[in-house]
Amino acid sequence: MAKRENEGDDSSSGINAALTDDVLRVVLSKLEREDERDAFGLVCMRWLQIQNSERRRLRARAGSAMLQRMADRFSGLMELDMSQSVSRSFFPGVADSDLSVIAAGFPLLRILNLSNCKGITDAGMITLGKVLTNLQSLDVSNCKKLTDNGLVAIAKGCHDLRSLKLEGCRSITDDLFQSLSQNCSHLEELGLASCFKITDSGIICLVHGCRRIKCLDVSRCGKVGDAGISRVAEVCSSSLKVLKLLDCCNVGDKSILSLANSCHNLETLVICGCRYISDESVKSLALSCYQSLRILGMSWCSNITDLTVNWIFSNCRYLMALDIGSCDNITDSAFEGLICGDFESDLKVLKVTNLPRITVAAMNILLESCKSLDYLDLRSCPHITKLDCEQAGLQFPDSCKVNFDGSLVESDGMVDLFF
């Protein structure tokens, strides 16, 4: 039986004397809500110490001194979130000296979020790579001072890395992928959005060793094209579920056909702004992934017509979110696929912005067929104004947010989660 601590204080009286530390840990594990776990620590000093030792997650904004105190209290911490807001930051923010404290003070750390910590450099990454060898997830998005040197140290030291997010790290080049390929064979999620210097060569090198990729985001990486994406489709065919190619201007039908041929478990595909993609490849993909596809974003794909959208509506029974904004060829006929489908659509989010050729007739079909709709974006649709819908007697579900007005550059947090 585990030894009871603090036997001389008030906590040793009554029932508390019969409760071992192991029993108290079991009680704490049954408390799911954060406020309940906090209340547990208010009972007495002994209970507080147990709560501290069992804490696994922490979000903090603290300097080195406070981080050291946290390390002394929360010895079993496995997840630490030090991220800063994109629009706001506090001075001086997270620095390399703080990363030294984190490395020494939280040896069990598995997940570390440092996104938007603009002050950290390669020196801090090198420290983490040497000490936090059990790290599985690292987010350094928009840490603009980081280069290949620091992240190579992470790759060499953290062989169990599963998730690496580098969005906005514009100094990253193909050189990093050689190290990831050689050392991080368990890598499943890689975020490279706006890493402008990476090319097809780097992506091909990456998947030579990282063959379990589930989620890959190369949005706004203009030097990545069909060669790299086709190779990802071939090598990671059984694992790939999420692929984001927003504004990848060199991605065309060859990439999508490769996905259709190999990746039958794909759940999310974002090809918004890929202007060279046409009906042929998207229809092939939808045919191949009609049971798995949940999210499809293809706004500004100017070659997409009613043919493909109609087929998607009538066959992709589990589709939850679709963006066909600014696809100029789309008309009311595209929505007739909703009638042809022999199932009730699960569609929750639909963006049909800037479609000059659709009318309230399309909305009537949509409302008849999609009972689970939560968000409908109708901005810049000249023939579907709020007044037009009212005059046509359309009844949107009470739970559905309908966006008629505003600039197309304005984003919605709910929709951003999908696309």
**Student:** What distance do D96 atom CG and T121 atom OG1 have between them, rounded to the nearest 0.5 Å?
**Tutor:**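 Result: 3.5 Å between the selected atoms.
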**Student:** Can you tell me if D388 uses its side chain to pair, donor with acceptor, with the backbone of T385 under 3.5 Å?
**Tutor:**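 Yes, the answer is positive, given that a donor and an acceptor are paired below the 3.5 Å cut-off.
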**Student:** Among L355, L408, T353, which residue meets the side-chain contact (heavy atoms from CB on, under 4.5 Å) test with S380?
**Tutor:**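 It is L408; the other options fail the test.
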**Student:** Between S181 and G209, is there a donor-acceptor pair closer than 3.5 Å when you use the side chain of the first and the backbone of the second?
**Tutor:**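 Checking the backbone N and O of G209 against the side chain of S181, a donor-acceptor pair under 3.5 Å is found.
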**Student:** Indicate yes or no: does K165 engage E189 in a salt bridge with an N to O separation below 4.0 Å.
**Tutor:**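 Judged by the 4.0 Å cut-off on N to carboxylate O distance, K165 and E189 do form a salt bridge.
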**Student:** Taking 4.0 angstrom as the limit, do D81 and R59 come out as a salt bridge?
**Tutor:**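 Salt bridge flag = yes for R59 with D81.
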**Student:** Measure the CH2-CG distance between W311 and D279 for me, rounded to the nearest 0.5 Å.
**Tutor:**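 Going from the CH2 atom of W311 to the CG atom of D279 covers 13.0 Å.
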**Student:** Does any N or O in the side chain of D98 come within less than 3.5 Å of the main-chain N or O of S64, such that one atom is a donor and the other an acceptor?
**Tutor:**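 Such a contact is found between D98 side chain and S64 backbone.
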**Student:** Is it the case that the side chain of S288 and the backbone of A260 share a donor-acceptor pair, with hydrogens and angles ignored and the cut-off at 3.5 Å?
**Tutor:**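 Between the backbone of A260 and the side chain of S288 there is a qualifying donor-acceptor contact (under 3.5 Å).
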**Student:** I'd like to know whether S292 forms a side-chain hydrogen bond (donor to acceptor under 3.5 Å, both in side chains) with N265, so could you lay out the CA-CA distance, the side-chain angles of the two residues, the decisive distance to 0.1 Å, and finally the verdict.
**Tutor:** CA-CA 6 Å; S292 63; N265 298 315; 5.6 Å; no
**Student:** Take atom OH in Y276; do more than 12 heavy atoms of anything else shown fall under 6.0 Å from it?
**Tutor:**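 Not buried by this count: 12 neighbours or fewer within 6.0 Å.
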**Student:** For T199 and D174: C-alpha separation, side-chain torsions, deciding distance, then whether side-chain hydrogen bond (donor to acceptor under 3.5 Å, both in side chains) applies.
**Tutor:** CA-CA 7 Å; T199 71; D174 290 344; 2.4 Å; yes
**Student:** Would you find a donor on one side and an acceptor on the other, under 3.5 Å apart, between the side chain of D200 and the backbone of G228?
**Tutor:**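 Yes; judged by distance alone, with no hydrogens or angles, the pair exists.
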**Student:** Mind checking side chain to side chain contact (heavy atoms under 4.5 Å, CB included) for S372 and listing every partner two or more places apart, or none if nothing turns up?
**Tutor:**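 Partners of S372 by the side chain to side chain contact (heavy atoms under 4.5 Å, CB included) criterion, ordered by chain and then number, come out as K348.
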**Student:** Give the table of side-chain donor-acceptor pairs shorter than 3.5 Å for residues 233-245, with sequence neighbours excluded, one pair per line with atom names and distance.
**Tutor:**
from: E234; atom 1: OE1; to: R231; atom 2: NH1; distance (Å): 3.2
from: S239; atom 1: OG; to: I213; atom 2: O; distance (Å): 2.8
from: S239; atom 1: OG; to: C236; atom 2: O; distance (Å): 3.4

**Student:** For the backbone of I304 and the side chain of T308, can you confirm whether one donor and one acceptor N or O come within less than 3.5 Å of each other?
**Tutor:**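 No: the side chain of T308 does not pair with the backbone of I304.
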**Student:** Using side-chain contact (heavy atoms from CB on, under 4.5 Å) as the criterion, point out the one residue from I120, L112, T133 that pairs with L128.
**Tutor:**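 By the side-chain contact (heavy atoms from CB on, under 4.5 Å) criterion, L128 pairs with just one of I120, L112, T133: L112.
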**Student:** May I ask you to test the R110-L108 pair for a side-chain heavy-atom distance under 4.5 Å?
**Tutor:**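 Side chain of R110 against side chain of L108, heavy atoms only: contact under 4.5 Å found.
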